[in-house]
There are 2 protein chains.
Amino acid sequence: MSNRRDAVHEILRQSEGFRSAQDVYAEMRAEGAKIGLTTVYRALQALADKGHVDVLRTDDGESVYRACASGDHHHHLVCRRCGRTVEVAGPAVERWAEAVGSEHGFTEITHTVEVFGTCSSCSTAARS
Amino acid sequence: MSNRRDAVHEILRQSEGFRSAQDVYAEMRAEGAKIGLTTVYRALQALADKGHVDVLRTDDGESVYRACASGDHHHHLVCRRCGRTVEVAGPAVERWAEAVGSEHGFTEITHTVEVFGTCSSCSTAARS
DNA sequence: GCGTAAATGAAAACGGTTGTCAAAATCGAG
DNA sequence: CTCGATTTTGACAACCGTTTTCATTTACGC
């Protein structure tokens, strides 16, 4: 049905970290793919809606997407320099969030947790 | 020096939860204050830079600000319905983030953690 | 007062994202 | 296969929050 959507998904699968829509678009065009920016946005939204990719917002308000290996709830450890991303589970955090919430009478607790750092290759490279 | 900045800060102090720039601007104008949108943005940025207010991004990319009681590192438990916000400390989470990071060879770990839920008043009100 | 520096705000610019709409591809009978 | 209906696509314009520009106003030091 949607060859385009699959193409976009494929780009994300081949990526190490989170990618922006424009970023994905640029790469596809560079590879010679015939696709419009609008379609990339639509494909990413659709993939996000169906839970096939994870989305998060950068500090400057851009939406970035990533095809994650795990379909289950997980968090990300992202290298702030190269973008390399590791999926991490955090049972301790889940429990903590739940506890903090109910402690204050809140229900239907959800949470967002992202961890940033400098990965070993980048910190080695930076030692100049 | 800057009466405007203080006025903006004051609005935030009187607010329960996070407020957007436009939101603050609208309220100030409604109160009859003579201020421009640009100045509100500048004041909020300045306050954020100096650490006097906390900033976070909503899912739709808006920046929202809050004058927090604690100057120390803390997280927020936000009611997704009314916006009421509780500041929470999470030593366990800090340690977890640090551990997860170094476990994968990452250094200079930082993290963002926000907890959302429905507060007791809102969940009572919703039982209609 | 008076000159210089900082603050202010209206309007224009910006950048990511979303909407519009007509053309192109796809599908489903017949 | 053919024709019409439906879906997908993409160029372009519209949007919206935010930032920049720049001329004007205000505050400060002397």
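Naming: A, B, ... by sequence-line order, numbering from 1 per chain. Side chains included, hydrogens not; waters and symmetry mates left out as well; all remaining heavy atoms used.
Partners of B:D60 by side-chain hydrogen bond (donor to acceptor under 3.5 Å, both in side chains), not counting sequence neighbours, listed by chain and number: B:T58. Taking the ring pair (Phe, Tyr, Trp, His ring centres under 6.0 Å) definition, one finds that B:H111 meets it with B:H73, B:H75, sequence neighbours left out.
Rounded to whole Å, atom P of D:dT9 lies 10 Å from atom NZ of A:K34. The distance from atom CE of B:M28 to atom C1' of C:dT8 is 13 Å, rounded to the nearest whole Å. The interatomic distance linking A:I35 (CD1) with D:dA11 (C1') rounds to 14 Å, in whole Å. Separating the CG atom of B:L44 from the C1' atom of D:dT19 is a distance of 14 Å, rounded to the nearest angstrom. Rounded to an integer number of Å, the gap from CG of A:N3 to C1' of C:dC27 is 16 Å. Atom CG in A:D23 sits about 16 Å away from atom C1' in C:dT17, given to the nearest Å. Atoms CZ (A:F18) and P (C:dG16) sit 19 Å apart, rounded to a whole Å. To the nearest angstrom, P of C:dT17 lies 14 Å from CG of B:D59.
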What pairs of donor and acceptor atoms, side-chain ones from residues 31-56 of chain B against any protein atom, are under 3.5 angstrom apart with sequence neighbours left out?
| unit_1 | atom_1 | unit_2 | atom_2 | d |
| --- | --- | --- | --- | --- |
| B:Y41 | OH | B:Q22 | NE2 | 3.3 |
| B:D54 | OD2 | B:H74 | NE2 | 3.1 |
| B:D54 | OD2 | B:H76 | NE2 | 3.3 |

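Within the structure, salt bridge (charged side-chain N to carboxylate O under 4.0 Å, His left out) contacts touching residues 83-106 of chain A (residues at least two apart or in different chains) are A:R66-A:E87. Sorted by first and then second residue, the salt bridge (charged side-chain N to carboxylate O under 4.0 Å, His left out) pairs involving residues 8-18 of chain A (not counting sequence neighbours) are A:E10-A:R13.
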Check your understanding: Which letter, B, S or -, goes with each nucleotide of nucleotides 12-18 of chain D from 5' to 3', with contact meaning a protein heavy atom under 4.0 Å?
Key -> B----SB
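A donor and an acceptor atom, one from each side chain of A:T110 and B:R80, are located under 3.5 Å apart.
Side-chain atoms of B:R42 and base atoms of C:dG9 include a donor and an acceptor less than 3.5 Å apart.
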